[in-house]
Amino acid sequence: MLNRSTILLMIIFSLFITSCGNYFNPRYYYNKKNVSSGNTNESNPDDVGGDETVPEDEDPFKNGPWNDIGYNGFNGNEIKDWFLKVSFDDSNVPIYEFYKDNSKSWYYSDPSIVEYNFDASGDGNKAQGIAINPMTVYKYEF
């Protein structure tokens with residue numbers, strides 16, 4: 001038979017778990033942000049990508065010394081025409097390989113945004129051992 005102190009301790013523990021249980025769950029605060037902001041769409045939470053508009057002069061992809069092809073003494077022209085091969089291991093960790101192939105070329109696909117692409121089908125791109133086909137790789141230049 002349980003004594004009063006054991007029952008009281010179990011009640012306090014139960015209250016603690018039910019009232020503070022979400023404190024130990026890291027998703028608690030993330031989900032609260034989504035609910036409080038009115039966003040219930042889990043596939044596109046408010047804090048990932050979205051509706052923000054970055055002024056042209058503050059866009060880090062267009063402005064900054066790191067965008068120079070010769071940044072920090074590295075000659076980016078040496079790898080400008082290389083191609084990308086990607087595989088994902090059993091834990092979905094990407095493994096990138098860059099290679100040069102004179103039989104391939106980047107195709108200029110959209111002049112309004114300086115978009116290039118190449119057909120990477122058959123290049124050995126895999127996800128957990130399964131070939132990714134068809135596959136098109138894009139690159140953007142600013």
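The backbone N or O of Asn133 sits nowhere less than 3.5 Å from a side-chain atom of Asn125 that would complete a donor-acceptor pair. Between the side chain of Asn117 and the backbone N or O of Trp106, no donor-acceptor pair lies under 3.5 Å.
Distance OG/Ser87 to CG/Asp123: 10.5 Å, rounded to 0.5 Å. Note: Lys126 NZ to Met135 CE = 13.5 Å, rounded to the nearest 0.5 Å. Taken to the nearest 0.5 Å, the CD1 atom of Ile79 stands 11.0 Å off from the NZ atom of Lys100. With rounding to the nearest 0.5 angstrom, the OH atom of Tyr138 is 10.0 Å from the CD1 atom of Ile113.
Scored by the ring-ring contact (aromatic ring centres under 6.0 Å, His included) test, Tyr108 finds Tyr116 as partners (sequence neighbours excluded).
Using a 4.5 Å heavy-atom threshold, the side chains of Pro60 and Trp66 count as touching. Side-chain contact between Asp68 and Phe74 is absent, with no heavy atoms from C-beta onward closer than 4.5 Å. Side-chain contact check for Tyr99 versus Lys104: some heavy-atom pair is nearer than 4.5 Å.
Under a hydrophobic-cluster definition in which Ile, Leu, Val, Met, Phe, Trp and Tyr are linked whenever side-chain heavy atoms come within less than 4.5 Å, directly or via other members, Val86 and Trp82 are assigned to the same cluster. No single ILVMFWY cluster, assembled from side-chain heavy atoms under 4.5 Å apart, contains both Phe88 and Ile95. Cluster annotation: Ile69 and Phe83 are assigned to distinct hydrophobic clusters (Ile/Leu/Val/Met/Phe/Trp/Tyr, side-chain heavy-atom contacts under 4.5 Å, transitive). By the criterion of side-chain heavy atoms lying less than 4.5 angstrom apart, applied directly or through intervening Ile, Leu, Val, Met, Phe, Trp or Tyr residues, Tyr96 is not grouped with Val93; the two fall into different hydrophobic clusters. Put simply, Val114 and Val137 are part of the same group of oily side chains (I, L, V, M, F, W, Y) that touch within less than 4.5 Å, one to the next.
Separation of the Tyr107 and Phe118 ring centroids does not fall under the 6.0 Å cut-off.
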Quiz item: Under the side chain to side chain donor-acceptor pair (under 3.5 Å) criterion, do Asn92 and Gln128 qualify, and how do the steps go?
Solution: CA-CA 7 Å; Asn92 283 335; Gln128 297 181 355; 3.1 Å; yes
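For NZ of Lys80, the number of neighbouring non-hydrogen atoms (other residues, nucleotides, ligands) closer than 6.0 Å is 12 at most.
Among all heavy-atom pairs drawn from Ser121 and Pro134, the shortest one is OG-CA, 3.2 Å.
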